[in-house]
Structures are given as structure tokens and as C-alpha cells.
2 protein chains.
Amino acid sequence: MDRIEDCISFLIGKAAQQIARRARDKLAPFGVTPVQYAVLHALWQQDGQSGSELGARLAIDSATITGIVDRLEAAKLIARRPDQAGDRRINRAVLTEHGRSLQAPLDRAMNELNREVSAELGQNDARLLWAGLHRLGRVGA
Amino acid sequence: MDRIEDCISFLIGKAAQQIARRARDKLAPFGVTPVQYAVLHALWQQDGQSGSELGARLAIDSATITGIVDRLEAAKLIARRPDQAGDRRINRAVLTEHGRSLQAPLDRAMNELNREVSAELGQNDARLLWAGLHRLGRVGA
DNA sequence: AACAAATATCTTGTATACATGATATTAATA
DNA sequence: TATTAATATCATGTATACAAGATATTTGTT
């Protein structure tokens with residue numbers, strides 16, 4: 001490998017960086033980061049998930065989840081609530097009205113990014129790229 | 001987008017994370033991180049580059065370069081030296097003997113990762129993925 | 001019941017990455 | 001030449017990501 005650009009680690013890292021920048025730009029008007037969007041997305045599908053449930057769903061470790069939930073809570077998009085069943089180890093993340101209200105605009109913004117990237121690559125190349133990334137991203141591949 | 005996995009931002013982020021983990025595992029025995037490898041790679045091709053030259057070559061901003069060079073210097077893989085031409089704004093990164101000696105084993109490790117991923121995807125799909133990532137990673141796309 | 005194992009959350013320390021800005025130095029210009 | 005603009009590095013604060021571990025709680029086993 002003469003060129004660092006052909007090193008898969010560098011290559012995919014830089015590509016992910018560019019996409020992350022574009023996602024940040026789309027989400028910035030709402031004060032939400034790309035990872036925070038992923039957590040909100042999980043909660044829109046099922047509200048009241050615990051930290052470990054969110055981490056398992058999104059492949060985010062416990063230390064990172066704590067920080068993300070902290071910031072979403074500080075932004076009043078979610079609240080921490082005790083588990084109904086009484087397991088006192090658990091903190092459940094519950095959407096606030098504001099957190100719920102962001103679903104439509106944030107989904108719209110991220111769909112827009114998907115369409116833009118898809119259009120830039122062409123539908124066929126985009127499909128192939130998506131498929132390849134799915135295979136690489138599978139944990140324990 | 002019902003599934004967060006189909007969001008390009010989440011998808012490529014997780015794929016990059018998995019690759020980064022595998023790269024870290026390969027490089028860990030040498031005490032070097034994937035990004036540090038990229039900087040060393042640039043210096044193996046041209047020793048004595050300044051921070052801004054390295055940043056421009058590798059698309060790393062100045063604040064990040066400072067930290068990476070700090071740690072490579074602390075590990076005694078490079079040294080900071082003043083610019084020969086006398087520009088006192090510049091710090092040039094110069095490889096130590098140890099830094100130079102890591103070229104063969106680190107390149108071997110990263111080539112191995114490339115071959116593994118390529119084999120997992122199949123040569124054809126791998127080529128297509130590389131091409132797609134090149135297009136996404138291009139700054140200012 | 002008592003104890004060990006597992007689970008959930010959080011803490012701390014390190015490494016990118018980015019925004020912003022401070023400082024020093026050099027280059028360009030009026 | 002005096003001033004301004006540009007450049008290079010570094011500092012600071014925030015946001016992931018991961019390793020390692022501390023604490024509290026629950027579960028499983030004897």
C-alpha cells in the first residue's frame with residue numbers, strides 16, 4: 001500500500017468523517033448531534049428504553065451512553081425515570097414533548113442527506129455501497 | 001427510513017468503527033493508533049514535514065495534529081525540530097530511528113487488514129466499496 | 001439465608017475530531 | 001516603514017469512543 005488512501009482504515013475513516021460533517025450540518029439547527037439523533041430514533045420507535053437497551057440496539061458502550069443521555073436530558077429532549085417494575089439499577093429514558101416533536105423534522109433532515117448521497121453516487125452504486133457497509137458494520141463479523 | 005441502519009450517517013459510522021477496532025487491534029502491539037499510523041506513513045514518504053503539511057496531506061485539523069504529534073513525540077517515534085530555512089512558526093516532525101524501524105511491521109499489519117477485509121467481501125465487491133468510499137471521502141465533494 | 005455471579009449505571013483517563021480563539025511570526029501592502 | 005493580512009502552532013471546551021474499574025442492585029446457587 002503506497003498510498004494511505006488505499007488503507008481501508010484511513011479510507012473509511014475519512015469517508016465517515018465527511019458524512020458525519022454533513023449530518024452535523026443538517027442537525028445543527030435543532031441542537032442535536034448525529035449520535036443523539038440515533039438515540040432519539042430508537043426512542044421514537046420504543047419510548048422508555050434503559051441505557052443498556054439503547055446501547056445494545058445502537059452498539060454504543062455504557063460509558064458513551066451515559067454522556068449522550070446526560071446531554072439529551074440537559075437539552076430537555078428526554079428525562080430519566082425509574083423502572084416501573086422496580087429494578088432500581090435501571091434508568092429509563094423517556095421522551096419529553098419537545099423530544100417527540102423533533103421526530104418529523106429530524107427524520108426529514110436525515111432522509112434528505114440519504115437522498116443527496118444516493119444521488120451523488122447513483123442509485124446502483126449507492127445500493128452496493130450500503131450493502132458493503134452493512135457487511136462491514138456487522139458486529140462480530 | 002424506518003431502520004436507523006439505513007441512515008448513511010449511522011451506517012458508515014458503525015462500519016468505520018468496526019474497521020477502526022480491527023486496525024487498533026493490529027497496531028496495538030506496537031503502541032500505535034490508526035491515526036498515528038497515518039501520520040507515520042506520511043513521514044515515511046517524506047520526512048520532516050510540518051504540522052500544517054501533515055494536516056493538509058491527511059485532512060486532519062491543526063488542533064488534532066498537535067495532540068497526535070505530542071503523543072508520537074512522547075513515544076519517541078518522532079522529534080520536533082525547527083525549520084532549516086528559518087521560519088520560526090514551523091515545527092518539523094522528524095522520524096527517530098525507532099519511528100523509521102516501524103515502517104515494515106506496521107505496513108505489514110495494515111496490508112494484512114486490507115487483505116482480510118477484501119477477502120471477506122470478495123475482490124469485486126471490495127473494489128466497488130473502495131471506489132465508493134473514495135468518492136464520499138473526497139473533501140468538498 | 002448467605003454468598004457468588006451477573007447486570008446497570010456511572011466514573012476516570014486516553015485518543016481523536018471540531019469550533020473557536022490566542023499567540024507568534026512572516027508576508028503583503030499602503 | 002507601519003500596518004494589515006495570512007500562516008503555523010498551540011490552547012480550550014465539547015462530543016463521541018473505548019478501556020478499566022467502582023458501586024449498587026438483582027439473580028442464581030448452595
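Residue numbers start from 1 in every chain, and the chains themselves are labelled A, B, ... in the order their sequence lines are given, proteins ahead of strands.
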Quiz item: Among D/dC18, C/dA19, C/dA17, which is the nearest nucleotide to the side chain of A/K14?
Solution: C/dA17
What I'd like to find out is whether the side chain of [X] reaches to under 4.5 Å of the side chain of [Y], using heavy atoms alone.
{"X": "B/D6", "Y": "B/L11", "answer": "no"}
{"X": "B/L58", "Y": "B/V35", "answer": "no"}
{"X": "B/S9", "Y": "A/Y37", "answer": "no"}
{"X": "A/I4", "Y": "B/Q45", "answer": "no"}

Self-check item: Comparing A/D87 and A/R21 on DNA chain C - which has the more 5′ nearest nucleotide
Solution: A/D87
Would you mind reading off the distance between [X] atom [atom1] and [N] atom [atom2], rounded to a whole angstrom?
{"X": "B/I60", "N": "C/dA19", "atom1": "CD1", "atom2": "P", "result": "15 Å"}
{"X": "B/N91", "N": "C/dT26", "atom1": "CG", "atom2": "C1'", "result": "15 Å"}
{"X": "B/Q17", "N": "D/dC18", "atom1": "CD", "atom2": "C1'", "result": "9 Å"}
{"X": "A/I90", "N": "C/dT7", "atom1": "CD1", "atom2": "P", "result": "12 Å"}
{"X": "B/I19", "N": "D/dA17", "atom1": "CD1", "atom2": "C1'", "result": "16 Å"}
{"X": "A/D70", "N": "C/dT9", "atom1": "CG", "atom2": "C1'", "result": "11 Å"}
{"X": "A/D61", "N": "C/dT11", "atom1": "CG", "atom2": "P", "result": "14 Å"}
{"X": "B/D83", "N": "D/dT9", "atom1": "CG", "atom2": "P", "result": "9 Å"}

Can I get a per-line list of side-chain donor-acceptor pairs under 3.5 Å for residues 77-87 of chain A, giving both atom names and the distance, sequence neighbours left out?
{"residue": "A/R80", "atom": "NH1", "partner": "A/D70", "partner atom": "OD1", "Å": "3.1"}
{"residue": "A/R80", "atom": "NH1", "partner": "A/E73", "partner atom": "OE1", "Å": "2.5"}
{"residue": "A/R80", "atom": "NH2", "partner": "A/D70", "partner atom": "OD1", "Å": "2.9"}
{"residue": "A/D83", "atom": "OD1", "partner": "A/R92", "partner atom": "NE", "Å": "2.8"}
{"residue": "A/D83", "atom": "OD1", "partner": "A/R92", "partner atom": "NH2", "Å": "3.4"}
{"residue": "A/D83", "atom": "OD2", "partner": "A/A85", "partner atom": "N", "Å": "3.4"}
{"residue": "A/D83", "atom": "OD2", "partner": "A/G86", "partner atom": "N", "Å": "3.3"}
{"residue": "A/D83", "atom": "OD2", "partner": "A/D87", "partner atom": "N", "Å": "3.1"}
{"residue": "A/D87", "atom": "OD1", "partner": "A/R89", "partner atom": "N", "Å": "3.0"}
{"residue": "A/D87", "atom": "OD1", "partner": "A/R89", "partner atom": "NE", "Å": "3.1"}
{"residue": "A/D87", "atom": "OD2", "partner": "A/R89", "partner atom": "NH2", "Å": "2.8"}

Under 4.0 Å from OP1 or OP2 of [N]: is there any side-chain N or O of [X] that close?
{"X": "A/R71", "N": "D/dT14", "value": "no"}
{"X": "B/T66", "N": "D/dC10", "value": "yes"}
{"X": "B/R88", "N": "C/dA24", "value": "no"}

Practice problem: For B/K14 and A/A59, work out which heavy atoms get closest and say how close. | Solution: NZ-O, 2.9 Å
Quiz item: Which residues pass the side-chain hydrogen bond (donor to acceptor under 3.5 Å, both in side chains) test with A/T64, sequence neighbours left out?
Solution: A/D61
Self-check item: Rounded distance [0.5 Å steps], CG in B/L54 versus NE2 in B/H41
Solution: 13.0 Å
Self-check item: A/R22/A/E120 ion pair, N-O < 4.0 Å
Solution: yes
Quiz item: Hey, are B/R57 and A/E5 close enough for a salt bridge, meaning a charged N less than 4.0 Å from a carboxylate O?
Solution: yes
Practice problem: Ignoring hydrogens and angles, answer whether the base of D/dC10 and the side-chain atoms of B/S62 contain a donor-acceptor pair closer than 3.5 Å. | Solution: yes
Quiz item: Has the side chain of B/R89 got a donor or acceptor atom sitting under 3.5 Å from an opposite partner on the base of D/dT9?
Solution: no
Practice problem: Give the dot-bracket string for DNA chain C, reading 5' to 3', where a pair is Watson-Crick or G-U wobble with both distances under 3.5 Å, ( ) marks pairs inside the strand, [ ] marks pairs crossing earlier ones, | marks a partner on another strand, and . marks unpaired. | Solution: ||||||||||||||||||||||||||||||
Acceptor/donor pairs from residues 25-33 of chain B side chains to any protein atom, 3.5 angstrom cut, sequence neighbours excluded:
{"residue": "B/K26", "atom": "NZ", "partner": "B/E112", "partner atom": "OE2", "Å": "2.6"}
{"residue": "B/K26", "atom": "NZ", "partner": "B/E116", "partner atom": "OE2", "Å": "2.7"}
{"residue": "B/T33", "atom": "OG1", "partner": "B/Q36", "partner atom": "N", "Å": "3.2"}

Practice problem: Look at all strands and tell whether A/G86 reaches a base, only sugar-phosphate, or nothing, counting heavy atoms closer than 4.0 Å. | Solution: sugar-phosphate
Quiz item: Looking across every strand, which nucleic acid part, if any, lies under 4.0 Å from B/I65 by heavy atom: base, sugar-phosphate, or nothing?
Solution: nothing
Self-check item: Strand-adjacent residues in residues 75-82 of chain B, judged by heavy atoms under 4.0 Å from DNA chain C
Solution: none
Self-check item: Close approaches to DNA chain C from residues 23-56 of chain B, in residue order (heavy atom, under 4.0 Å)
Solution: B/T33, B/V35, B/Q36
Practice problem: Mark yes or no for whether A/S101, through its side chain, and A/H98, through its backbone, hold a donor-acceptor pair below 3.5 Å. | Solution: yes
